[in-house]
Undergrad: 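One structure, pasted below without further comment.
Computed over heavy atoms, backbone and side chain alike; hydrogens, waters and symmetry mates excluded. We number each residue from 1, following the sequence as shown. Read the numbers this way: they start at 1 and go in the same order the structure lists the ligands and their atoms.
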Amino acid sequence: MTTTKYIFVTGGVSSSLGKGIIAASLAKLLQAQGYRTTIQKLDPYINVDPGTLNPYEHGECYVTDDGAETDLDLGHYERFLNVPTSQANNVTTGRIYQSVIEKERRGEFLGKTVQVIPHITDEIKERVQILGNSGDYDIVITEIGGTVGDIESLPYVEAVRQLKWDLGEHNAIVIHLTLVPFLSAAGELKTKPTQHSVKTLMESGVVADILVCRTEHELPEDLRRKLALFCNVREEAVIQSIDASTIYDVPNLMLKQGLDKVVLKKLDLESAVPDLTQWNQFLQRHKNPKTEVTIGLIGKYVELQDSYKSILEAFIHAGAENEVKVNVEPIHSEYLSEENVDVKLSHLDGVLVAPGFGERGIEGKIDAVKYVRENNIPFFGICLGMQMAVIEYARNVLNLSDANSTEMASDCENPVIDLMEDQKTITDKGGTMRLGAWACDLKPNSIAYNVYKSNAIMERHRHRFEFNNNYREQIEAAGMIATGINPDTKLVEIVEIPEHPYFIGVQYHPEYKSTVANPHPLFVSFVKAALKRKNKSKDATMAQK
Ligand code: GLN
């Protein structure tokens, strides 16, 4: 049996250095040489998972097929590798402690005092090796969230130290990411922060094998030599990570720097030339669009780009597929009203109403849906966005003026969106939604059926509220059709308005499954519809002239 090799990615100075992208890029290069590679993220916070975190804190919550609510870096891993991740790919301090405490309650520690070392560190070590022991991977990359030297990172660094020792030479290596700042006043790149960061790591007994230095300027030879000498790494193991115009450039930048080669050499594995043909074709299309479209993204967390990370990335994949640059215009739903909706939306080629929770900003979303429905602008509603489309239709077409979701108005007379029976008794917030992949049957001749080219699909969910089937007949008779149904529960997963040029709302989150290798068909078709509208209005203006 071949042993699985482990790569740990740690970071100094700042957690926003892009460890996730470096890990995903390295994984891509290893995968493209035939190594079965996966990536795991360890997060040092005490939440059991990021599901209960406000998007303003850590950006979007990513969801896997098996229903894990995870860090958004897992989205990058899937988008780069096109391989699904699972609960095992994201572990938090909260989960580690929860599991150790449960074991203690079951009496598994046989009367011993339960301590950070060895019990917490053993649990971390076990979690790190779950993926490796599955036999599915040749290489496991483990990204340690946070910053080396922080109190909360200590048990992880100690676990890395022990694992490196346990696994032996050539079986586990440490990549350390640091910042090489540029002082413009002095016109100089500074190596001190890197030296200190490596030193901090060494104080915990961990030697960095490779340095990845985040920098705004090229690292000159003499500076690399200096870093190598003072940080005790070979010169070839000093890798620069220069700011890139797109994250999708990073695998090629790392290839140029030889990161994959140094890694494989240190792991005693053979290296080959990675086959990035498909990746580079995507980049080629992404960087050379023939035209552009503007899509309005209506949400309430638009101030923070990371809140809608997967949606933005899905537009990049769909844009490349269509050879179109997709300009996403964030529109804050809280400041949208019947009075200004025309000014804010009339120039758009398409409108996406985003997922979300709670009451804030929903009336603006409903006004937006009404506007695009009446003005034939392509519409794509995701999760809460789909629910808003149903409410708008019930209010303005069926004349059920108080139609709402019981999430927003628990005693409304027409709860067209309502809690499922089995959700009504749940009081805990964490991990209690309808989560993960669920089956959906598609109605022939619908938009969904035509874009998926299949009559049965699986998509990932993260919500509590549902289309209320008591209203289905009435809503369908008025022209909004349920075109995707869960075969087991009969829940409505997709609604469409066939009369409209392009109007679709989905209860699930298609954005989680869009990857470079497999752009999501719903995003691809939505961009196509936006392009069609743009060309049509251009033709109309030409004809007028
Ligand atoms: N708040 C809605 C629900 O819980 C929608 C959730 C979402 O958009 N992810 O059903």
Undergrad: Could you list each N/O atom of ligand 1 together with any protein N/O atom closer than 3.5 Å, one pair per line with the distance?
TA:
from, atom 1, to, atom 2, distance (Å)
ligand 1, 1 (N), Gly356, O, 3.0
ligand 1, 1 (N), Glu407, OE1, 2.7
ligand 1, 1 (N), Glu407, OE2, 3.0
ligand 1, 4 (O), Arg464, N, 3.0
ligand 1, 8 (O), Gly356, N, 2.9
ligand 1, 8 (O), Gly356, O, 3.3
ligand 1, 8 (O), Leu384, N, 3.0
ligand 1, 9 (N), Arg462, O, 2.9
ligand 1, 9 (N), His509, NE2, 3.2
ligand 1, 10 (O), Gln387, NE2, 3.1
ligand 1, 10 (O), Arg464, N, 3.2
ligand 1, 10 (O), Phe465, N, 2.8

Undergrad: May I ask you to check whether Glu60 and Ser310 show a side-chain donor-acceptor distance below 3.5 Å?
TA: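 Their side chains do contain a donor-acceptor pair, which is all the 3.5 Å distance test asks for.
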Undergrad: Backbone N or O of Ile485 within a donor-acceptor pair of the Asp441 side chain at under 3.5 Å?
TA: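 Such a contact is absent between Asp441 side chain and Ile485 backbone.
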Undergrad: I want to know whether His520 and Tyr452 have ring centres closer than 6.0 Å.
TA: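 Here the rings of Tyr452 and His520 have centres that are less than 6.0 Å from each other.
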Undergrad: If we count only N and O atoms by modelled type, under 3.5 Å, do the side chains of Asn89 and Ser86 hold a donor and an acceptor together?
TA: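 A donor-acceptor contact under 3.5 Å links the two side chains.
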Undergrad: Are the side chain of Gln474 and the backbone N or O of Leu398 linked by a donor-acceptor pair below 3.5 Å?
TA: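 No: the side chain of Gln474 does not pair with the backbone of Leu398.
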Undergrad: Begin with the C-alpha distance, continue with both residues' side-chain angles, and end with the deciding distance and a verdict on side chain to side chain contact (heavy atoms under 4.5 Å, CB included) for Met433 and Arg462.
TA: CA-CA 6 Å; Met433 286 186 256; Arg462 180 172 184 254; 3.9 Å; yes
